[in-house]
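Below is one structure, written out as structure tokens; comments come after it.
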Amino acid sequence: AIVIEEASAGDKDAAARRLSVVDHLPLLELSDDAVSVAEQLIEHGAIPEQYGEDALHVAVAVVHGMDYLLTWNLSHIAKAEARNRIERTCRSIGYEPPIICTPEELLER
């Protein structure tokens, strides 16, 4: 639901194009476990407190056991230092983190 909300924002034509891409994808539940993981990501300093929605993005992927989390957020999710903090925190609380990468990284040959 967070992704749908973000994809809906901004320019109407661009939002329509974004929504058409995610329309066929299954939605992952924002569970109590995901909220708890997001809180722990913030408490452990893996994601800055002011970016709670980004912590939720990561937490939902973690709790649902996703293999990959694609993002263009290079400031505090996909950059190397952030990835390491997120991975360490997830493992310290008993979860295996997804591989965090940009779409371009995933598609590289």
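What you see is a predicted model; the values in this text were computed from it and never measured. Nothing fancy with the numbering, it's 1 onward along the sequence.
- Residue pairs meeting the ring-ring contact (aromatic ring centres under 6.0 Å, His included) criterion with at least one partner in residues 29-53, sequence neighbours excluded, are Tyr51-His76.
- Note that OG1 of Thr102 and NZ of Lys79 are 15.0 Å apart. Values are rounded to the nearest 0.5 Å.
- Note: the hydrophobic cluster containing Leu70 does not contain Val60 (ILVMFWY, side chain heavy atoms under 4.5 Å, direct or indirect links).
- Of all heavy-atom pairs spanning Leu56 and Ala34, the tightest one is CD2-O, 4.4 Å.
- Of all the heavy atoms in Cys90 and Leu41, the pair that sits closest is SG-CD2, 4.2 Å.
- Two residues are said to be in side-chain contact when any heavy atoms from C-beta on lie closer than 4.5 Å; Val35 and Leu30 meet this criterion.
- A pairwise comparison of heavy atoms in Glu6 and His57 identifies OE2-NE2, 3.2 Å as the closest pair.
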For Glu49 and Glu43, run side chain to side chain contact (heavy atoms under 4.5 Å, CB included): C-alpha distance rounded to whole Å, both residues' side-chain angles, the deciding distance at 0.1 Å, then the answer. CA-CA 8 Å; Glu49 185 175 2; Glu43 287 172 17; over 6 Å; no
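- Atom CD of Glu104 has more than 12 heavy atoms from other residues, nucleotides or ligands within 6.0 Å.
- Of all heavy-atom pairs spanning Val62 and Val37, the tightest one is CG1-CG1, 4.4 Å.
- Here the closest non-hydrogen pair linking Ala78 and Ile100 is CA-CG2, 4.0 Å.
- Note: the hydrophobic cluster containing Tyr95 also contains Ile47 (ILVMFWY, side chain heavy atoms under 4.5 Å, direct or indirect links).
- When the side-chain contact (heavy atoms from CB on, under 4.5 Å) test is applied to Leu25, the partners found at least two apart in sequence or on another chain are Val22.
- Side-chain atoms of Ser8 come within 3.5 Å of backbone N or O of Ile4 as a donor-acceptor pair.
- In the hydrophobic cluster analysis, where Ile, Leu, Val, Met, Phe, Trp and Tyr join through side-chain heavy atoms closer than 4.5 angstrom, Leu19 is grouped together with Leu27.
- Across all non-hydrogen atoms, the minimal contact from Ile42 to Gly52 is CD1-CA, 4.0 Å.
- Residue pairs satisfying the ring-ring contact (aromatic ring centres under 6.0 Å, His included) criterion with at least one member in residues 9-30, sequence neighbours excluded, are absent.
- Proximity of a side-chain donor or acceptor of Thr89 to a complementary backbone N or O of Ile86 within less than 3.5 Å is not detected.
- Transitive grouping of hydrophobic side chains (ILVMFWY, heavy atoms separated by less than 4.5 Å) brings Ile99 and Leu106 into a common cluster.
- Ion pairing of Glu105 with Arg83 is present here, as a side-chain N (NZ or NE/NH1/NH2) and a carboxylate O approach within less than 4.0 Å.
- Within 6.0 Å of CG in Asp11 there are more than 12 heavy atoms belonging to other residues, nucleotides or ligands.
- Applying the 6.0 Å contact sphere to CD of Gln50 captures more than 12 heavy atoms from other residues, nucleotides or ligands.
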